[in-house]
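Everything below concerns the one structure shown next.
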Number of protein chains: 2
Amino acid sequence: MDDRAKRIRRNSPGGKADAAKVDLTAVVVAVSNNEPCVLTIGQTDTLPSGPLALEHRSLQSGLRTWVEEQTGHPLGYIEQLYTFADRDRAGAELEQRVISISYLALTRKEHATAPSKSSWQSWYDYFPWEDHRAGTPPMVSNLLRPRLIEWADGAYDDATRLERRRRAAIAFGFDDRPWNEDLTLKRYELLYEAALVEEAMRGSTLPPPVRGKSMVSDHRRILGTGISRLRSKIKYRPVVFELMPPAFTLLQLQRTVEALAGRLIHKPNFRRLIEQHELVEETGETSTETGGWPAKLYRFRHAVLEEGEVAGAKLPLSRA
Amino acid sequence: MDDRAKRIRRNSPGGKADAAKVDLTAVVVAVSNNEPCVLTIGQTDTLPSGPLALEHRSLQSGLRTWVEEQTGHPLGYIEQLYTFADRDRAGAELEQRVISISYLALTRKEHATAPSKSSWQSWYDYFPWEDHRAGTPPMVSNLLRPRLIEWADGAYDDATRLERRRRAAIAFGFDDRPWNEDLTLKRYELLYEAALVEEAMRGSTLPPPVRGKSMVSDHRRILGTGISRLRSKIKYRPVVFELMPPAFTLLQLQRTVEALAGRLIHKPNFRRLIEQHELVEETGETSTETGGWPAKLYRFRHAVLEEGEVAGAKLPLSRA
DNA sequence: CGCCTTATATTCAGGTAGAGTATAATCGGA
DNA sequence: TCCGATTATACTCTACCTGAATATAAGGCG
């Protein structure tokens, strides 16, 4: 059997067929002016990235090196997102396979140390259908919905037709289903499958039917993965504070969460939750910046990270 | 600046320095006789794995190919776990870096199609401190606790000492903290750091102080990652059913969850939850196999997967 | 001074989770 | 044949969490 043949190749680690090029890609997120932003480099819409090299001690340190070199931002909090390889990445025509290991990083714009060729882009420029803070965006009902239904009805058999309609309804909250902000990646994949985003139409001359900037290679997909992960995570881990200045008001904190989640939060419930879990402590100062009653300033209680599992640090995301 | 130098290397994808060997590793899980098992190959404690090759269409299909070839088990449900590279993996002395992309697979033992050199091992053989179904195992209080305190007190400064004690207490539930079954990976990493597991002592002649089989390379760490992921996931997604036969009683379902979680569940609450979320439907038959009142047989309602997010499919893990 | 804006406090109803208790059906053995 | 062990199933009770609404206080500004 060819079992043995493969075993032999397995034992020759220098074999060219098995070698791959490994890229590290970062989704670096910051929030300012209630707008969630992602760090891009150059003129094109490209995430910071670079090949894993032998001198990198680890995947994380390799990533930090590349991002700092390309953007001037030293990274704090990072976590691995996903490893891609089956995409129609640039290396398809090469002999070598390209693997992309992606990371999510949370930081603040002020952390930049030097001028650089990088810039911050609102992530809603790439995903305009994801911002529901002012209600469901018109493009969802007016553009995406009819296009997705059209796509579903274009299936060859009834079963597929129904299944496509169901998937679209779940992902986008059609037919009185609730909008679930965590499904960013699923929505993007659906639009890709329906050929409604630019990436799915490369080589075609037709304009993509959906507004929203695309990115180089599969970077928009990676960004979507990062948004999905972050939107899920803020509900059970206090990661928002990585994006906050040292001192902040409770409303600023709420606005930041709302920016990330793309939906509004019920204020009293939000405050109750934050206080209940003792996530913050007063600095003793107040801010009058916003007009109205001066708000107390708070700082994150780093001790909560040391108090074991922050069980139930869920955020009350309003469905109103 | 050397910025330019790196950019140039970046653009020569065939460069040897950037090429890496990519391994696919699978944590294949099944439960039988109320014991969670992992699939291993050969005589040694090794997870199924093999190098990613050009003929694999995707990471997933490469993994499926390797597992089926090495064990005879075709895989159903799989999900990506984590990508490792910074370990002191076998390739440290080689010129080439070794990357390991790991996957979690859920299946049933009966799915084997052919005799093979693989075998099933209880995962508690590798992690004996993780099974709390019969209460806290004696080894936790009698062996791990004193050894971890010893390790903590061996630190050079007071701050580190306190921090180590705190981490150990959180991970293992010392000092009246609750036991959190999801922290399997953290516990293993802590024991590794404290040099209480065999992998941390390779090259040493001293016997490892903690019982529990070790595995080849960093496979026990990968298994720990899989256990952690699965224990978290069963609380909010109905993945347990991938491990169940087509028809089962509610108690069998409960015992399976308990086997995975390593702790007991309050029976009435478990049933209430399953019924509340309509995860199952009656087959109409009953089973008298267990003695006592014949239990109704149920099957998984696959429709729930199509009903959008299975919000709140949490499992009531008793803290008693 | 009155109005607007924001902060802060309180309340209320519904749901869920944890935990305990009660009753019914079947089997094995005395 | 009856009793107890074993299992299935049903019901209850309480504490807490969540969503949502309302009320009051403090400052800025025309």
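The chains referred to below are lettered A, B, ... by the order of the sequence lines, with proteins before strands, and numbering in each begins at 1.
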Euclidean distance, [Y] [atom2] relative to [X] [atom1], rounded to 0.5 Å:
X       : Y       : atom1 : atom2 : value
I227(B) : F127(B) : CD1   : CZ    : 5.0 Å
Q252(A) : L297(A) : CD    : CG    : 7.5 Å
K233(B) : L106(B) : NZ    : CG    : 9.0 Å

Specify the separation, in whole Å, of atom [atom1] of [X] and atom [atom2] of [N].
X       : N       : atom1 : atom2 : value
H277(A) : dC17(D) : NE2   : C1'   : 9 Å
R271(B) : dC11(D) : CZ    : P     : 12 Å
W293(A) : dA9(C)  : CH2   : P     : 7 Å
K267(B) : dA22(C) : NZ    : P     : 17 Å
E275(B) : dA17(C) : CD    : C1'   : 16 Å
H266(B) : dC11(D) : NE2   : C1'   : 12 Å
Q276(B) : dG15(C) : CD    : C1'   : 9 Å
L251(A) : dA7(C)  : CG    : P     : 4 Å

note = Regarding the side chain of P268(B), the nearest nucleotide among dT18(D), dA24(C), dC11(D) is dC11(D)
note = Per atom distances to the K296(B) side chain, the nearest of dT16(C), dT9(D), dA7(C) is dT9(D)
request  = Answer yes or no: is there a side-chain heavy-atom contact under 4.5 Å between K186(B) and N180(B)?
outcome  = no
note = Comparing P294(A) with R272(A), nearest DNA chain C nucleotide closer to 5' gives the residue P294(A)
